[in-house]
Amino acid sequence: MSVAVLGAGAFGTALAISLSRNGPVTLWARDAGDMAKQRENTARLAGCPFPDALFVTDDLAYATTADTLLIAVPTQKLRGFLNANATALAGKSLVACCKGIEISTGTGPVSVIADVIPTAVPAILTGPSFARDIARGLPTALTLACTDDEIGKHLQQRLSTANLRLYRTTDTSGAELGGALKNVIAIACGTAMGAGLGESARAALMTRGFAEMQRLAAHLRADPQTLAGLSGFGDLTLTCTSQQSRNYSLGMSMGQGTPFDPSTTVEGAATAQAVHQLAQDNALDLPITAAVAGLLENRLDVATAMRGLLARPLKEE
Ligand SMILES: NC(=O)C1=CN([C@@H]2O[C@H](COP(=O)(O)OP(=O)(O)OC[C@H]3O[C@@H](n4cnc5c(N)ncnc54)[C@H](OP(=O)(O)O)[C@@H]3O)[C@@H](O)[C@H]2O)C=CC1
Ligand SMILES: O=C(CO)COP(=O)(O)O
């Protein structure tokens, strides 16, 4: 099974570095010039040199000769990328390596792939992992979800390494929901911490945020067990507690009232909007998501958002 990673941001680069410890891997970037010369992605993942088995290219036709393609572009860019390269991607195993819900359709990366490239076998690789940890070869466990269990088994074998351990599921819906929604809750947690509301408030937001994740997953018929696994609870834990997370950091900035670099990839911002819309369309009660969407759209300030959450009617857990 030959492997290429399409998209050389922090995560795509880290995966390519990690997988090239198993054998040759191609990393495709829109502009590969500097990376090919320096053997390092100084812009997105500085300090992580490329192993010899990693080949960088900006020739998509060459990269897509591999039979398994990992796609690591941000969720809101995925459809455009697939449409632009549909012929080259037809019939391949396409593993989404992004976390989010598309604003225009309210669906996740696996559904977007199935929609644009119906001949492909879509899968998703998701779970608790920072790009830098993967690139450094630190121990990491992720979820590989593919509705075709046989292909899922092949992908699990090929994409696991000595330090990157993949667990398999056929529940693509649960896996993509967990990875998308935890980012929204991480923004909420970062906001609370930035505003000085304390670690008890963060624990409450994580737990009630997880209840929102389960509620939406149940509505969309995802398996609750998937939400309790690496791609849901696992990634929620990591992202809501680490300043390495960009979603958490955006929240911290909002809580502190300090500026945040708008060019940073923060998947939870668009996803909060998409999920808030889904909740309204389906009469689902997702108050933390609604508060995050309100903060991001400047309809709410932190104090009002917190007051709103605390003033909700008392209920059973
Ligand atoms: N960073 C991390 O620790 C982790 C990230 N992820 C997920 O990985 C996904 C990507 O994030 P990450 O790598 O960190 O983001 P980065 O901001 O580091 O990089 C985004 C990359 O996407 C590329 N890109 C954007 N639009 C297109 C397009 N239309 N066609 C081709 N390439 C495009 C950019 O290319 P260019 O450089 O040319 O602009 C850039 O290389 C996100 O969904 C994120 O949630 C998951 C786990 C960990
Ligand atoms: O998904 C991640 C960790 O699993 C990375 O989180 P951020 O996108 O918030 O940096």
Side-chain angles (χ1 to χ4, degrees), residues 4-18 27-35 41-46 48 56-58 60 63-64 69-85 88-89 95-102 108-110 112 116 124-136 138 140-143 164 175-176 178-190 230-253 260-272:
V5 180
L6 310 180
F11 195 42
T13 303
L15 287 170
I17 290 173
S18 170
L27 174 62
W28 173 85
R30 290 197 281 207
D31 179 2
D34 281 353
M35 274 186 270
N41 185 345
T42 50
R44 309 256 184 196
L45 198 66
C48 299
V56 197
T57 182
D58 46 24
L60 193 86
T64 52
L69 304 173
L70 277 60
I71 306 181
V73 303
T75 304
Q76 308 305 324
K77 308 283 184 184
L78 180 61
R79 186 177 292 272
F81 174 78
L82 297 171
N83 271 321
N85 302 295
L89 301 175
V95 184
C97 300
C98 48
K99 300 175 180 176
I101 301 291
E102 192 182 50
V110 174
V112 173
V116 182
I124 186 163
L125 182 62
T126 183
S129 61
F130 288 123
R132 198 161 285 283
D133 294 347
I134 289 192
R136 290 175 60 203
L138 299 180
T140 316
L142 298 179
T143 300
L164 177 59
E176 61 183 5
L181 298 177
K182 64 87 188 177
N183 280 333
V184 178
I185 306 306
I187 295 175
C189 288
L230 290 162
S231 55
F233 178 73
D235 213 352
L236 180 76
T237 308
L238 179 71
T239 316
C240 292
T241 59
S242 171
Q243 292 191 35
Q244 273 194 73
S245 158
R246 297 161 296 185
N247 287 280
Y248 181 82
S249 301
L250 169 66
M252 287 274 286
S253 296
F260 189 82
D261 177 358
S263 69
T264 309
T265 298
V266 182
E267 290 278 28
T271 294

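In each ligand, atom 1 is the first atom listed, and ligand 1 is the first ligand listed. Both backbone and side-chain heavy atoms feed into the values below; hydrogens, waters and symmetry mates do not.
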Peer 1: One residue to check: K182. Relative to ligand 2, which of side chain, backbone, both or neither has a non-hydrogen atom less than 4.0 Å away?
Peer 2: side chain
Peer 1: Tell me, which protein residue and heavy-atom name are nearest atom 1 (O) of ligand 2, and how many Å apart are they?
Peer 2: K99 NZ, 2.7 Å
Peer 1: Tell me the protein heavy atom at minimum distance from atom 4 (O) of ligand 2, and give that distance in Å.
Peer 2: D235 OD1, 2.6 Å
Peer 1: Give a yes or no on whether the backbone of L238 and the side-chain of S242 come within a donor-acceptor separation of less than 3.5 Å.
Peer 2: no
Peer 1: Between atom OG1 of T239 and atom CG of L181, what is the distance when rounded to the nearest 0.5 Å?
Peer 2: 12.0 Å
Peer 1: Quick one: look up the protein heavy atom nearest atom 3 (C) of ligand 2 and list residue, atom name and how far away it is.
Peer 2: S129 O, 3.2 Å
Peer 1: Under a heavy-atom criterion of less than 4.0 Å, does P128 contact ligand 2?
Peer 2: yes
Peer 1: Using a heavy-atom cut-off of under 4.0 Å, does the side chain or the backbone of L238 touch ligand 2, or both, or neither?
Peer 2: side chain
Peer 1: Looking at Q76 and I101, would you say the former's side chain and the latter's main chain have a donor-acceptor pair under 3.5 Å?
Peer 2: yes
Peer 1: Do side-chain atoms of N85 reach the backbone of L60 as a donor and acceptor pair under 3.5 angstrom?
Peer 2: no
Peer 1: Determine yes or no for a side-chain-to-main-chain donor-acceptor pair under 3.5 angstrom, with T57 supplying the side chain and W28 the backbone.
Peer 2: no
Peer 1: Please output the residues near ligand 1 using a strict heavy-atom distance under 4.0 Å, listed in chain and residue-number order.
Peer 2: A8, G9, A10, F11, W28, R30, R44, V73, P74, K77, F81, C97, C98, K99, S129, F130, A131, R246, T265, E267
Peer 1: I'd like to know if the side chain of K99 and the backbone of G127 have a donor-acceptor N/O pair within less than 3.5 Å.
Peer 2: yes
Peer 1: So, the side chain of E267 versus the backbone of T75: is there a donor-acceptor pair under 3.5 Å, distance only?
Peer 2: yes
Peer 1: Please state which protein non-hydrogen atom is closest to atom 8 (O) of ligand 2 and give its distance, to 0.1 Å?
Peer 2: R246 NH2, 3.0 Å
Peer 1: Of all heavy-atom pairs between K182 and L236, which one has the smallest distance, and what is that distance?
Peer 2: CB-CA, 3.7 Å
Peer 1: Does atom CZ of F233 have more than 12 heavy-atom neighbours, drawn from other residues, nucleotides or ligands, at distances under 6.0 Å?
Peer 2: no
Peer 1: Classify the contact between S245 and ligand 2 as side chain, backbone, both or neither, using a heavy-atom distance cut-off of under 4.0 Å.
Peer 2: both
Peer 1: Can you tell me if G268 contacts ligand 2 (heavy atom of the residue under 4.0 Å from the ligand)?
Peer 2: no
Peer 1: May I ask you to list the atoms of ligand 2 that are less than 4.0 angstrom from any heavy atom of N247?
Peer 2: 7 (P), 8 (O), 9 (O)
